Amino acid sequence: MRPLRDPAKLAAAASSQRHLREIHAHLLVSGRIASPPHLAAFLVSLASSSSESDDGDLSYARLLLPRRPATLLAHNSLLRALARGRRPHLAFGAFRDLPLAPDNYSFTFLVRAATALAAAAASALDAALIAGSVHASALRHGHAADPHVQSGAVSMYAAAGDVGAARAAFAEIASPDVVCVTAMVGALATGGEADAARELFDGMPQRDHVAWNAMIAGYVRTGRSREALRLFDEMRHAGAAVGEVTLVSALTACAQLGALERGKWVHSYAHSRGMRLSVTLGTALIDMYSKCGAVATAMEVFDSMGERNVYTWTSAVSGLAMNGMGRDCLELFKRMESTGVEPNGVTFVAVLRGCSMAGLVDEGRACFDSMKSNHGIDPWLEHYGCMVDLYGRAGRLDDAVNFINGMPLEPHEGVWGALLNASRIHKNVELGQYAMDKLIAIESKNDAAHVLLSNIYADSQNWKGVSNVRNMMKAKGVKKMPGCSAIEVGGKVHEFFVGGKTHPRYKEIEMMLAEMSQRLRLQGYIANTKEVLFDIEEEDKEDAISLHSEKLALAFGLVALPEDMEIRIVKNLRVCEDCHDYTKMISKVFNREIVMRDRNRFHHFKDGACSCRDYW
DNA sequence: GTAGGGTTAG
């Protein structure tokens with residue numbers, strides 16, 4: 001082998017990772033490992049991103065660190081790689097063992113590692129401790145005024161869940177540049193203060209595309225998707241550089257809203273711009289299509305992707321689950337296992353929910369057991385909740401109770417809530433009361449639970465029980481969250497609330513409601529009033545029910561959408577039994593496909609039947 | 001010849 005003397009050529013050769021060890025050996029033999037220093041640093045960072053340094057401890061990269069002379073450049077490169085790696089805490093050890101005093105670069109990497117750790121910390125206290133000590137250390141070494149450290153500190157505190165500390169760190173910056181302000185915008189939004197974030201954003205002297213992205217993502221994170229999409233439009237009109245990150249946030253917003261038309265538009269926008277279907281973009285698309293009920297399209301995207309990670313697979317598994325395709329969900333999960341992408345806790349939540357939706361009790365149980373035995377994951381409370389739901393929905397109430405009794409963790413409200421819901425489905429008043437007692441002991445103000453219990457009583461004609469629940473809610477100040485249904489027409493999302501009459505086209509809606517009632521009556525439809533929470537006069541009940549938000553949205557859909565178009569409705573709560581029956585009938589009488597997303601899942605209505613087979 | 005802010009699953 002001819003000796004390589006030119007550093008550039010060496011670097012080019014080494015950039016083929018496979019040859020890294022050969023180059024290393026060559027350097028050792030030729031005695032050139034120590035110089036020039038930037039080359040050593042380059043090799044360290046190269047080795048750091050190599051898949052050969054499997055465990056994330058970068059043992060091979062460490063071998064490349066020149067001992068004499070030790071350079072901060074090379075050590076910083078290692079810090080950088082550790083901070084970005086899967087085990088960021090290792091950056092702390094490397095930082096402690098630095099042979100030279102850390103500089104401002106070292107601190108930016110340490111801050112980055114701390115940010116990752118704080119975000120994953122078991123408790124808020126742990127997170128605050130990590131963030132605080134790193135910041136203090138930067139201060140001691142005189143690097144706290146470096147803009148790179150400052151912006152990092154703001155995000156670090158936000159990741160630690162301490163917006164107050166982020167604010168304080170930001171306040172100390174004499175003249176914050178665009179990056180620092182953007183970090184603060186993100187920090188405020190992370191802390192749920194989207195309005196404060198927006199104020200800061202609006203006051204920015206200049207904003208680049210990252211600032212726009214931060215604000216849009218901030219709205220999405222705080223559940224304000226409509227504002228996110230509005231800002232996305234503004235961003236395009238302002239001529240800022242819309243990139244993949246922007247589109248991913250926009251897609252997440254569409255997913256939250258169930259806004260399929262807008263979601264498709266974003267998809268074709270990405271396509272027309274020649275954007276590659278990256279893992280992140282593809283995953284966001286799968287999520288969006290799934291949450292808009294277009295699960296077939298979601299799977300097309302999934303199939304077309306070249307690279308898929310655990311998020312991608314989980315999105316797809318979850319999409320099938322929420323659309324009630326339990327068999328396909330389980331099949332895809334098995335495919336995932338055989339592909340070698342390791343599922344995590346979130347994946348199991350998805351597949352267990354899929355089994356539960358489809359009544360696949362034994363299969364679900366097998367998945368649950370395999371979590372620990374095949375994947376080394378200790379089940380979370382959510383997983384126990386899924387199992388109670390799985391047994392409970394299937395009518396195996398004894399198994400559900402026994403399962404709870406055998407839990408190694410203290411059951412949380414989700415577990416009792418699942419039992420309560422199962423009691424409702426299978427009309428077991430006693431068990432429902434028991435679950436409710438347990439639930440109230442943990443979380444006394446759960447509005448959904450009160451409504452469920454009321455429904456259980458109503459179902460057994462126990463009006464005294466219904467009114468007791470109502471009084472209990474009044475006494476405790478528990479308010480039923482108002483039902484809201486949304487429907488997208490012409491790219492605009494219209495929202496309806498119970499009994500709402502404020503829509504500009506309400507006259508037409510009212511006429512359509514009358515037509516719907518009439519045509520249903522002819523088909524022998526009888527209103528089901530038993531799930532009405534409030535004890536109003538019987539004749540009013542039918543009116544109250546007929547104005548449930550999903551019915552208003554449905555009527556509007558019939559009025560405003562072309563006849564050959566399916567009607568898609570997104571509801572914030574669980575759909576009530578009457579509305580479910582009603583929608584089934586409408587799908588038959590009006591010969592329309594109707595897709596309804598409720599709090600938990602999708603209902604695909606067609607020809608008088610629902611994809612959930614009334615099992616929800 | 002290493003740095004900072006924005007993105008995906010429950």
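Just so it is clear: chains get the letters A, B, ... in the order the sequence lines come, proteins before strands, and each one is counted from 1. This is a predicted model, so every value here is computed, not measured.
Summarising the geometry, the separation between CE on A/M336 and P on B/dA9 is reported as 15 Å, rounded to the nearest angstrom. Atom-to-atom, CG of A/L281 to P of B/dA9 comes out at 13 Å; the value is rounded to the nearest Å. Rounding to whole angstrom units, CG of residue A/L352 and P of B/dG10 are separated by 15 Å. Taking atom CG of residue A/D146 and atom P of nucleotide B/dG5, one finds them 13 Å apart after rounding to whole Å. The nearest whole Å value for the distance from the CG atom in A/L277 to the P atom in B/dT8 is 16 Å. One interatomic measurement links the two molecules: CE of A/M288 to P of B/dA9, which rounds to 13 Å at whole-angstrom precision.
The side chain of A/E382 lies closest to B/dG10 when the candidates are B/dT8, B/dG10, B/dT7. Here B/dG4 is the nucleotide among B/dG5, B/dA9, B/dG4 with the atom lying nearest to any side-chain atom of A/D177. Between B/dG10, B/dG4, B/dA9, one nucleotide has an atom nearer to the side chain of A/V349 than all others, and that is B/dG10. For A/N344, counting side-chain heavy atoms from C-beta on, the closest listed nucleotide (B/dG6, B/dT8, B/dA9) is B/dA9. Ranking B/dG10, B/dT8, B/dG4 by closeness to the A/S151 side chain, first place goes to B/dG4. The side chain of A/L73 lies closest to B/dT2, out of B/dT2, B/dG4, B/dT8. Comparing B/dG6, B/dT7, B/dG10 against the side chain of A/M322 picks out B/dG10 as the nearest. Closest approach to the A/S318 side chain among B/dG4, B/dT7, B/dG10 is made by B/dG10 (side chain taken as heavy atoms from C-beta onward). Of all nucleotides listed (B/dA9, B/dT7, B/dG4), B/dG4 comes nearest to the side chain of A/V179. The side chain of A/V245 lies closest to B/dG6, out of B/dG4, B/dG6, B/dT8.
Within the nucleic acid shown, A/V178 comes within 4.0 Å of at least one base atom, counting heavy atoms only. Here A/A350 lies out of heavy-atom contact (under 4.0 Å) with every strand. Within the 4.0 angstrom heavy-atom criterion, no nucleotide atom of any strand lies near A/F348. Residue contacts for A/D287: at a heavy-atom cut-off of 4.0 Å it reaches the sugar-phosphate backbone alone, with no base atom in range. Across all strands shown, A/T314 has heavy atoms under 4.0 Å from base atoms, whether or not it also approaches the sugar-phosphate. Within 4.0 Å of A/R84, counting heavy atoms only, lie sugar-phosphate atoms of the nucleic acid but no base atom.
No hydrogens or angles were tested; on distance alone, a donor-acceptor pair under 3.5 Å links the side chain of A/D208 to the base of B/dG5.
Between A/R262 and A/D233, at least one side-chain N (NZ, or NE/NH1/NH2) sits under 4.0 Å from a carboxylate O, which counts as a salt bridge.
Side chain of A/H143 to main chain of A/L139: no donor-acceptor pair is present (N/O by atom type, distance under 3.5 Å, no hydrogens or angles).
For B/dT7, one of the phosphate oxygens OP1 or OP2 lies less than 4.0 angstrom from a side-chain nitrogen or oxygen of A/R221. Listed pair A/R353 / B/dG10 fails the phosphate criterion, with no side-chain N or O lying under 4.0 Å from OP1 or OP2. Contact annotation: A/K291 side-chain N/O to B/dG10 OP1/OP2 distance is under 4.0 Å.
Residues A/S370 and A/F348 have side chains in contact (heavy-atom distance under 4.5 Å, counting atoms from C-beta outward).
Neither side chain, A/N572 nor A/D598, offers a donor N or O lying under 3.5 Å from an acceptor on the other.
A ring-centre distance under 6.0 Å is found for A/H383 and A/W380.
Taking CZ from A/R230 and CD from A/E227, the interatomic distance works out to 5.5 Å, rounded to the nearest 0.5 Å.
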